[in-house]
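Data block below; observations after.
When a ligand or atom number is given, it counts from 1 through the structure's own listing order. All residue numbers in this chain count up from 1 along the given sequence.
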Amino acid sequence: MPTAIIMGITGQDGSYLAELLLSKGYKVVGVARRASTVTYERIEHLLDKISVVQGDLTDQGSLIALLEEHKPTEVYNLAAQSFVPTSWNQPALTGDVTALGVTRLLEAIRYVDPKIRFYQASSSEMFGKVLEVPQRETTPFYPRSPYGVAKVYGHYITVNYRESFNLFAVSGILFNHESPRRGLEFVTRKISDAVAKIKLGLARELRLGNLESQRDWGFAGDYVDAMWRMLQQDQPDNFVIGTGQTHSVQEFCEIAFGRVGLDYKDHVIVDERYYRPAEVDLLISDSSKAGKILGWEPQVEFKQLVEMMVDSDLKRLSAKVA
Ligand code: NAP
Ligand code: F7E
């Protein structure tokens, strides 16, 4: 039975990847950092099928100990300080976790077992102020936030350890992917949660930043399948993963509010507090390489994704108020 270690098991992608790997017969070891309150909300339903152990990307020794004890065949690094606005407020922490943390994990692999296959969660934020539309594996990077800068480091150190030490280290450059398990501060989930609250009479308004921002939004459940496929290839490589379509925050609002018979214009207030010091304007993917080599295609369309998120929040909050 192959063993996979998932760094960031408590996050959105960690929960979907754990489900996928269990369905493929893996032994799954999830790594969570120590907290005074346990937050296993996303993996509650998996706790009798996976092992959850403690570890932290800022602590080299804990990473070495994890690999020595669990002897994984694959390591997925999904852990990061992943919220872009926080990266301006905590840039040094973001660099320590999201950038240097990758080096610590690669060093642990090199030291314990260089045959371990490694997945790095890279991001479309690396393209930032885009130098080419659509963006593909060869598009130069121009990050626009400390988070984006940290991810560029994580990407290049992954490529460098592949080339320097012959590690099977892949970088998946994933565009935004969302789900009912998305963190509440990200714009899609902030909208779906607010729509459900407004519909149920628990809130009246929703304050947002730039409604014209555009993103290439897909479904997280589809994207974890691409991660696994990357580690099953004969050669390690970089792959862009996205839908190839872009939509604005305003379009997301229109569909989300429309799903419950409301007009977003009656509830959304633009609030400058949510504007960013620098914005990423037109992210749109070209994932034809992934289509050709990995046989990967997104399954869930934009409207389906928005409606899935609104329906889920409505169900969750209705149960609470009942
Ligand atoms: P997420 O929900 O924010 O999850 C991040 C995970 O990292 C959480 O489990 C978090 O633990 C953990 N973590 C944070 N700091 C850590 C540390 N010092 N040591 C160990 N673990 C730590 O993110 P996601 O949406 O699932 O994304 C997964 C990965 O893909 C991230 O690296 C993200 O940057 C990247 N990415 C995401 C997207 C997207 O659209 N979702 C797109 C491209 C790339 P706690 O629960 O304790 O906070
Ligand atoms: O913002 C605009 C905001 O925070 C999307 C992370 O997973 O994807 C994610 O980063 C857009 C931005 O995600 C609000 O200005 C408007 O243009 O949902 P977000 P993100 O910054 O794209 C990438 C690929 C990652 O790698 C990251 O880890 O929405 N926006 N009004 C708002 N955004 C937020 N959060 N809140 C607002 O009120």
Side-chain angles (χ1 to χ4, degrees), residues 6-17 30-35 37-43 52 54-59 62-63 66 76-87 93-94 96-98 100-102 104-105 119-128 143-145 147-148 150-151 154-155 171-179 181-191 194 206-220 223-224 227 241-242 247-250 252-253 268-283 285:
I6 302 177
M7 299 294 304
I9 189 72
T10 55
Q12 171 188 259
D13 291 5
S15 65
Y16 284 107
L17 181 64
V31 182
R33 50 187 176 156
R34 190 264 164 192
T37 308
V38 169
T39 48
Y40 290 168
E41 204 181 304
R42 297 185 176 106
I43 49 168
V52 181
Q54 276 187 15
D56 198 303
L57 275 186
T58 58
D59 188 276
S62 73
L63 303 176
L66 277 171
Y76 294 85
N77 181 30
L78 310 184
Q81 189 305 93
S82 75
F83 191 47
V84 173
T86 296
S87 77
L93 176 134
T94 302
D96 196 7
V97 176
T98 306
L100 270 186
V102 187
R104 294 192 189 96
L105 202 43
Y119 174 85
Q120 167 58 14
S122 293
S123 166
S124 52
E125 275 291 306
M126 303 190 304
F127 296 123
R144 294 271 279 172
S145 63
Y147 169 80
K151 281 289 180 188
H155 169 81
S171 175
I173 305 173
L174 272 52
F175 281 62
N176 296 53
H177 45 281
E178 318 294 314
S179 74
R181 298 181 200 166
R182 185 59 142 153
L184 283 162
E185 70 272 59
F186 297 93
V187 77
T188 56
R189 186 74 196 291
K190 185 174 169 181
I191 297 168
L206 167 61
R207 290 182 173 267
L208 292 174
N210 187 1
L211 299 187
E212 283 161 24
S213 276
Q214 293 184 306
R215 287 292 186 277
D216 177 337
W217 277 300
F219 172 53
Y223 286 39
V224 297
M227 298 175 187
I241 299 294
H247 298 275
S248 66
V249 173
Q250 181 174 317
F252 197 104
C253 286
V268 171
I269 295 168
V270 173
D271 187 332
E272 300 230 326
R273 273 184 306 164
Y274 296 106
Y275 273 76
R276 299 180 176 185
E279 187 54 275
V280 165
D281 291 319
L282 185 53
L283 289 177
S285 63

Between [Y] and [X], do the side chains contain a donor N or O and an acceptor N or O under 3.5 Å apart?
X      : Y      : value
Asp96  : Thr58  : no
Thr94  : Gln81  : yes
Ser122 : Ser171 : yes
Ser62  : Gln54  : no

Nearest option to [atom], as decided by whichever heavy atom of [options] sits closest:
atom                    : options                        : value
atom 16 (C) of ligand 2 : Asn210, Leu184, Leu174, Leu208 : Asn210
atom 21 (O) of ligand 2 : Glu125, Glu178, Arg215, Arg276 : Arg276
atom 35 (N) of ligand 2 : Gln12, Arg207, Glu185, Lys151  : Glu185

Quick check on Phe83 - does any of its heavy atoms sit under 4.0 Å from an atom of ligand 2?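 Yes.
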Whether Arg273 lies under 4.0 Å from ligand 2, heavy atom: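 Contact check Arg273 vs ligand 2: negative.
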Answer yes or no: is there a side-chain heavy-atom contact under 4.5 Å between [X] and [Y]?
X      : Y      : result
Lys190 : Leu184 : no
Ile9   : Ile43  : yes
Gln120 : Lys151 : yes
Gln214 : Leu283 : no

Listed partners of Tyr16 passing ring-ring contact (aromatic ring centres under 6.0 Å, His included), at least two apart: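 Applying ring-ring contact (aromatic ring centres under 6.0 Å, His included) to Tyr16 gives Phe219.
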Tell me every residue that passes ring-ring contact (aromatic ring centres under 6.0 Å, His included) with Tyr147, counting only those two or more places apart in sequence or in another chain.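 Partners of Tyr147 by the ring-ring contact (aromatic ring centres under 6.0 Å, His included) criterion come out as none, since no residue qualifies.
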Residue and atom name of the nearest protein heavy atom (relative to [atom]), distance in Å to one decimal:
atom                    : result
atom 30 (N) of ligand 2 : Val187 CG2, 3.7 Å
atom 10 (O) of ligand 2 : Val84 CG2, 3.8 Å
atom 17 (O) of ligand 2 : Ser213 OG, 2.8 Å
atom 27 (C) of ligand 2 : Ser82 O, 3.3 Å
atom 15 (O) of ligand 2 : Glu279 OE2, 2.6 Å
atom 31 (N) of ligand 2 : Gly209 N, 2.8 Å
atom 8 (O) of ligand 2  : Asn176 ND2, 3.0 Å

Should Arg182 be counted as touching ligand 2, given the test is an N or O pair under 3.5 Å?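 It does: an N or O of Arg182 is found under 3.5 Å from an N or O of ligand 2.
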Gln12 side-chain N/O to His177 backbone N/O, donor-acceptor pair under 3.5 Å: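 It does hold such a pair.
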Side-chain donor/acceptor of Arg215 to backbone N/O of Val249, under 3.5 Å: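 The answer is no, because no donor-acceptor pair under 3.5 Å joins these two groups.
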Where's the contact between [X] and ligand 2, heavy-atom distance under 4.0 Å: side chain, backbone, both or neither?
X      : answer
Lys190 : side chain
Phe186 : both
Glu212 : neither

Closer than 4.0 Å to some heavy atom of [X] - which atoms of ligand 2 meet that?
X      : answer
Ser123 : 23 (C), 24 (C), 25 (C), 26 (O)
Tyr147 : 25 (C), 26 (O), 27 (C), 28 (O)
Ser124 : 24 (C)
Tyr274 : 38 (O)

Name the residues in contact with ligand 1, where contact means a heavy atom under 4.0 Å away: which are they?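 If the criterion is a heavy atom under 4.0 Å, then ligand 1 touches Gly8, Thr10, Gly11, Gln12, Asp13, Arg33, Asp56, Leu57, Leu78, Ala79, Ala80, Ser82, Val97, Ala121, Ser122, Ser123, Tyr147, Lys151, Leu174, Phe175, Asn176, His177, Arg182.
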According to salt bridge (charged side-chain N to carboxylate O under 4.0 Å, His left out), who are the partners of Arg33, at least two apart in sequence or on a separate chain?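 In terms of salt bridge (charged side-chain N to carboxylate O under 4.0 Å, His left out), with neighbours along the sequence ignored, Arg33 is linked to no residue.
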Would you call the rings of Phe83 and Phe186 parallel, tilted or perpendicular, taking 30° and 60° as the class edges?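 The rings of Phe83 and Phe186 stand perpendicular, inter-plane angle above 60°.
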To the nearest 0.5 Å, what is the distance between CG (Asn77) and CE (Met7)?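 Atom-to-atom, Asn77:CG and Met7:CE are 6.5 Å apart.
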Tell me, with the steps shown, if Phe175 and Trp217 meet ring pair (Phe, Tyr, Trp, His ring centres under 6.0 Å). CA-CA 7 Å; Phe175 281 62; Trp217 277 300; over 10 Å; no
